[in-house]
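We count residues from 1, following the sequence as given. Both counts, for ligands and for their atoms, begin at 1 and track the order of listing.
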Amino acid sequence: MSKLRVLYDCDNCPAYCCSYEHIEATPADVKRLARHFGLDEETARDRFTKPAPAGAPGRVLRHQKDVHFGTVCRFLDTETRHCTIYDARPRICRSYPGTGRCGFYDFLMSERRSQEDADYVPSFTRG
Ligand code: SF4
Ligand code: SF4
């Protein structure tokens, strides 16, 4: 079976996808988080998630402050840019980007080429 060719490198990215405001946390995701942290589900839901923004249904992961993007998922290590709950991360994090390309990564590479700086991170101030 041929393996999907992947045109992005998460180790060369400051975790753009973890800055997304709407990172869905389903009841099954909350259950997994509760098990991971040894908490009851209600505590895990309240501590780690909040209602989805702009009146959207469901809940999303809470954020923390971040130097690059304003805010990022509370579970991102803002120094290493790695997920601190990798084995317990929500389903949406496991499936993203779902294809061989990552739009965030394409954007990052395009900006780095324009700036002629392989480490450049376009910064945002939202959040
Ligand atoms: S934005 Fe794309 S390249 Fe960056 S960490 Fe997420 S999936 Fe990987
Ligand atoms: S749970 Fe992990 S992979 Fe998912 S958004 Fe948060 S830091 Fe990123």
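- The distance from the CZ atom of Arg89 to the SG atom of Cys73 is 12.0 Å, given to the nearest 0.5 Å.
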### Task
Using the side-chain contact (heavy atoms from CB on, under 4.5 Å) rule, take Ile23 and Ile92 through it: C-alpha gap first, then chi angles, then the decisive distance, then the call.
CA-CA 7 Å; Ile23 302 170; Ile92 191 73; 3.9 Å; yes

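- Every atom of ligand 1 is numbered from 1 in the order shown, and the set under 4.0 Å from a heavy atom of Cys13 is 1 (S), 3 (S), 4 (Fe), 5 (S).
- A salt bridge links Asp66 and Arg81; the closest N-O separation between the charged side-chain nitrogens and carboxylate oxygens is under 4.0 Å.
- To the nearest 0.5 angstrom, Phe48 atom CZ is 12.5 Å from Arg59 atom CZ.
- Close contacts between ligand 1 and Cys17 involve ligand atoms 1 (S), 5 (S), 6 (Fe), 7 (S) [criterion: under 4.0 Å to a heavy atom].
- Contact check on Arg101 versus Asp106 returns a salt bridge, with a Lys/Arg side-chain nitrogen under 4.0 Å from an Asp/Glu carboxylate oxygen.
- Taking each heavy atom of Arg45 and Thr49 in turn, the nearest pair found is O-OG1, 2.6 Å.
- Sorted by first then second residue, the ring pair (Phe, Tyr, Trp, His ring centres under 6.0 Å) pairs that include residues 101-121, not counting sequence neighbours, are Tyr16-Phe104.
- Taking each heavy atom of Leu76 and Pro14 in turn, the nearest pair found is CD2-O, 4.4 Å.
- Among protein heavy atoms, atom 8 (Fe) of ligand 1 sits closest to Cys10 SG, 2.3 Å.
- Using a 4.0 Å cut-off between heavy atoms, Cys102 contacts ligand 1 through its side chain alone, with no backbone atom that close.
- Listed by number with element, the atoms of ligand 1 under 4.0 Å from a non-hydrogen atom of Tyr16 are 1 (S).
- Neighbouring protein atoms of atom 6 (Fe) of ligand 2 (N, O or S, distance under 2.8 Å, waters ignored): Cys73 SG.
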